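A quick write-up on the structure given underneath.
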Amino acid sequence: MPPSLRAPRGTRDLLPDERAAFARLERTALELAARYGYRVMETPLFEQAALFERGIGAVTDVVEKELFRVLPSRGEEREAWALRPEATAGVCRAYIEHGMQTLPQPVRLSLTGPMFRYDRPQAGRYRQFWQWDVEAIGDAGPAIDAELVELGARFYRDAGLTDVEIVLNSIGDPACRPAYLARLVAHYRAHLVRLPELERRRLETNPLRLLDSRDPAMTEVNEGAPRITDHLCAACGEHFAGVRAHLDAMGVAYRLEPGLVRGLDYYTRTAFEFYRRGAEGQQQALGGGGRYDGLVELLGGKPTPGIGFALGLDRVVLALDATGGGRPAEGAPVAVVVGADPADTVGRLRVATGLRDAGLPVRADLSVRKLGRQLEAAVREGAQFAVILGDELATGDVQLRDLDGGSQKPVPLVDLPALLRRKVRS
RNA sequence: GUGGCCUUAGCUCAAUCGGUAGAGCAUCGGAUUGUGGCUCCGAAGGUUGCGGGUUCAAGCCCCGUAGGCCACCCCA
C-alpha cells in the first residue's frame, strides 16, 4: 500500500455502504424538497472569494481561517477563488444574477452537495462535507420561518433520527442588535475581573459568543447577562412571537435558547439549530439555519428578506450509526447465474444478459470455480436465487434454486424472466 | 489555529527486559471430478505511517514529519 498516496487530510472515500447511506438521505431530502415546493438547483463548488468575504463576513471564522482558497493555475485573470464553505451565499448570488426577483416570491430553492472548510479535522468535522441546503428568498416571515423549521425536523424524523432537539432564538436586526450588544459588553466589562483570559479576548472580537461559553467560570456571570430576547425592538419581538405561534400551531416542540448565536454575519432575527439530544461532544450540531434579511442587498441585489437552513449529512450518517440502527443491506442481486461446467462463462453470461434484458438485477459468476464455490459466493453476497446451468440445458431447462430455503426445481429457460419477476415482487 | 493521545497484514488486535513480527476475521486455493452459509488443510498478504538518531541489536528508546482521534476554537 502506498502511504504517500492517500485521500487528502480531512477528506475521505465514501465506500459503497456509506455512499448508499448518503444516497438514502439525499433521496429523503429531495423528496421532501419537492413535497414542500422547493426546487432543486446547483451552484458551482467554487466562487469568487469576495462573495464569501462580503456575504459571510470577513472577520468570521469561516472566512478568516477556514476558507479553502484556490489559486488559479494560469493567471490571466488574477481572480481569488474559494471552495464554497456553505451554500447560502452562492444561492443568493444566483438569485440576483438570474433576476429571480421577477419570479413569484418567495423563491423556494434547495440543493445538496459538498462544502469545504479548511479546518482541523476531527470525527464529524471534515474539510469536505455534505449538506442539504434549503432557502426561501423573498418572504419576510414569520410563517415561512416556522415552515422551514418544521421541514428540517421532518427530515430527521424521516431519516430515522428520533432524538433531535430544535433550539430556537431571535438575534434581532440592525435596529436593535447594536443597542443590545452595547448593553452586553457593558455587563461583561462590569465583571471583567471574573472573566477568563480567553473570554476577555472574545469580548473584543465577538461578545455574543460569551453567552454560550462552555467555561464553568462563566455560568454565574452569564446568568446575570442581558438576554437578546428581552431587548428586541418592537418589530423583531413581534416577528419572533409570530414564529413561535406558528410552530406551536403545528405542534412542533422546540427549546428557547437566548444564548444561541450563529457564526455567520448575515443572520438576522430567527436563528435555529438541530441537536442530537443527550449526545456529548462538539460535533453534535446536526444542522442549523436562520434568517438573513440583509444578505441579498449586501451582495448587490434589491433589499430582499430570506431564510434558510443547512443540514450536515455526514453527521446524520454518523448519528444513525451511533444509534445502532445499522445500515440496510443493499445491492444484492436477485439471482446469480452459476454453472456445473466452470469453463462455460459464455453460457452464464448469456443467461444473465437475458435476465438483465428483463430488468432483473443479476450477477453471472464469471470465475472458473467449481459449482460449490460459485454457490457459496452467491449466498454470501445475499442473492435470493441461484440459476444453475447444467445438463438440463439440452432440453432447455435450468435449475432455479431458492438460496434461503434450499429448494430447487427445473424451469424452462424461456419462462425464467417472468417467473423471477413474479417471485421478486412477493 | 492551540494543547494532548494514538498509528503493527484489507479489518480488529498480539509481540515479556530492546533480541530480528503473530493470531482471528476477510481474500484465494484444496478436501477424488452437478450443489451453499459449518468444519478441516493450505497459500498469499508487513520496509511495524514516513524520515532521521541512539544501540552489537529498535515495532518497543529519542527527534522530526504525516495522518487519525480527543479537548479547545468554531461549526455542519
Side-chain angles (χ1 to χ4, degrees), chain A residues 1-12 15 56 60-67 84-88 112-133 152 196-199 201-202 205-206 209 212-215 260-264 267 273-276 280-289 309-319 336 338-342 344 365 367-383 385-393 398-408 410:
Chain A
M1 196 207 56
S4 53
L5 292 180
R6 51 182 170 193
R9 182 173 202 197
T11 72
R12 67 213 197 284
L15 270 24
I56 297 172
T60 58
D61 272 27
V62 167
V63 165
E64 210 166 39
K65 66 175 207 194
E66 296 170 9
L67 202 57
R84 62 183 188 190
E86 51 94 53
T88 305
T112 64
M115 307 293 158
F116 304 85
R117 292 186 197 176
Y118 198 77
D119 205 357
R120 187 153 160 183
Q122 238 171 86
R125 190 170 79 178
Y126 308 104
R127 290 182 172 181
Q128 178 178 354
F129 57 99
W130 277 262
Q131 286 189 337
W132 176 38
D133 183 80
E197 170 58 29
L198 171 67
E199 308 297 345
R201 250 181 302 130
R202 289 163 113 187
T205 56
N206 198 346
R209 281 278 159 220
D212 59 1
S213 169
R214 263 177 257 277
D215 195 321
L260 171 64
V261 179
R262 306 236 71 222
L264 314 181
Y267 283 110
E273 289 183 353
F274 300 97
Y275 280 92
R276 248 183 91 204
E280 293 306 313
Q282 300 307 308
Q283 265 70 55
Q284 296 312 323
L286 293 171
F309 65 69
L311 309 188
L313 300 184
D314 311 72
R315 289 183 182 179
V316 174
V317 171
L318 276 176
V336 177
V338 299
D341 175 7
D344 185 25
D365 195 311
S367 75
V368 291
R369 294 179 291 190
K370 62 180 185 178
L371 181 55
R373 291 286 186 193
Q374 297 179 41
L375 282 168
E376 189 178 334
V379 167
R380 293 183 68 161
E381 70 186 291
F385 295 100
V387 174
I388 305 172
L389 311 189
D391 299 335
E392 306 87 335
L393 270 178
V398 298
Q399 296 284 350
L400 180 60
R401 184 173 179 82
D402 182 331
L403 290 173
D404 297 324
S407 62
Q408 175 175 326

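All of these numbers come straight from a predicted model, not from anything done at the bench. Values reported hereafter were calculated over all heavy atoms of this structure, with side chains retained and with hydrogens, waters and symmetry mates removed. Quick note on labels: first sequence line is chain A, next is B, and so on, each numbered from 1.
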Subject >> By ring pair (Phe, Tyr, Trp, His ring centres under 6.0 Å) - contacts of F385(A) (at least two apart) >> reply: none
Subject >> Which residues share a side chain to side chain donor-acceptor pair (under 3.5 Å) with R401(A), sequence neighbours left out >> reply: Q408(A)
Original post:
Who pairs with E273(A) by side chain to side chain donor-acceptor pair (under 3.5 Å), at least two apart in sequence or on another chain?
Top reply: R262(A), Y275(A)
**OP:** Would you mind telling me which of U35(B), A76(B), A71(B) lies closest to the side-chain atoms of Q122(A)?
**Re:** A71(B)
Subject >> Salt-bridge present (R125(A), D119(A); N to O < 4.0 Å) >> reply: yes
**OP:** May I ask you to verify if any side-chain N or O of Q374(A) is less than 4.0 angstrom from the OP1 or OP2 atom of U35(B)?
**Re:** no
**OP:** Name the nucleic acid region contacted by D133(A), choosing base, sugar-phosphate or nothing; use a 4.0 angstrom heavy-atom cut-off, strictly under.
**Re:** nothing
**OP:** Return yes if the base of G68(B) and the side-chain atoms of R6(A) contain a donor-acceptor N/O pair under 3.5 Å, otherwise no.
**Re:** no
Original post:
Does Q408(A) make a side-chain donor-acceptor contact with the base of U35(B), cut-off 3.5 Å?
Top reply: yes
Subject >> Donor-acceptor pair under 3.5 Å, E381(A) side chain vs G37(B) base >> reply: no
Original post:
At under 4.0 Å between heavy atoms, what does D391(A) touch on the DNA or RNA strands: base, sugar-phosphate, or nothing?
Top reply: base
Original post:
Looking across every strand, which nucleic acid part, if any, lies under 4.0 Å from G406(A) by heavy atom: base, sugar-phosphate, or nothing?
Top reply: base
Original post:
Listed by chain and number, what are the side chain to side chain donor-acceptor pair (under 3.5 Å) partners of T11(A), not counting sequence neighbours?
Top reply: none
Original post:
Do R125(A) and G68(B) have a side chain to base donor-acceptor pair shorter than 3.5 Å?
Top reply: no
Going by atom type alone, with no hydrogens or angles, which donor-acceptor pairs under 3.5 Å involve a side-chain atom of residues 376-383 of chain A and a protein atom two or more places apart or on another chain?
| from | atom 1 | to | atom 2 | distance (Å) |
| --- | --- | --- | --- | --- |
| E381(A) | OE1 | R363(A) | NE | 3.2 |
| E381(A) | OE2 | R363(A) | NE | 2.5 |
| E381(A) | OE2 | R363(A) | NH2 | 2.5 |

**OP:** Could you check whether G10(A) gets within reach of a base, just the sugar-phosphate, or nothing at all, counting any heavy atom under 4.0 Å?
**Re:** sugar-phosphate
Original post:
Hey, does L313(A) reach any base, or is it just sugar-phosphate, or nothing, if we go heavy atoms under 4.0 Å?
Top reply: nothing
**OP:** Have a look at Y126(A) and say if it touches a base, only the backbone sugar-phosphate, or nothing, with a 4.0 Å heavy-atom cut-off.
**Re:** base
Original post:
How would you list, by chain and number, every residue that makes a salt bridge (Lys or Arg N to Asp or Glu O under 4.0 Å) with D314(A), sequence neighbours excluded?
Top reply: R12(A)
**OP:** Would you kindly give the CG-to-C1' distance between D404(A) and U35(B), to the nearest whole Å?
**Re:** 16 Å
Subject >> Residues forming a side chain to side chain donor-acceptor pair (under 3.5 Å) with R9(A), sequence neighbours excluded >> reply: none
Original post:
G67(B) phosphate, OP1 or OP2: any side-chain N/O from R9(A) under 4.0 angstrom?
Top reply: yes
**OP:** Quick one: label G372(A) by what it contacts on the DNA or RNA (base, sugar-phosphate, nothing), any heavy atom closer than 4.0 Å.
**Re:** sugar-phosphate
Original post:
Which dot-bracket string describes RNA chain B (Watson-Crick N1-N3 plus N6-O4 or O6-N4, or G-U N1-O2 and O6-N3, all under 3.5 Å; [ ] crossing; | other strand)?
Top reply: (((((((..((((.....[..)))).(((((.......))))).....(((((..]....))))))))))))....
Original post:
Considering only side-chain heavy atoms of I388(A), which listed nucleotide, A76(B), C69(B), U35(B), is closest?
Top reply: U35(B)
Give every pair of a protein N or O atom and an N or O atom of nucleotides 27-31 of chain B that lie under 3.5 Å apart, one pair per line with the distance.
| from | atom 1 | to | atom 2 | distance (Å) |
| --- | --- | --- | --- | --- |
| U27(B) | OP2 | R380(A) | NH2 | 3.3 |
| G30(B) | N7 | R373(A) | NH2 | 2.6 |
| A31(B) | OP2 | K370(A) | NZ | 3.2 |

**OP:** Map A310(A) and Y118(A) onto RNA chain B by nearest heavy atom, then report which one ends up closer to the 5' terminus.
**Re:** Y118(A)
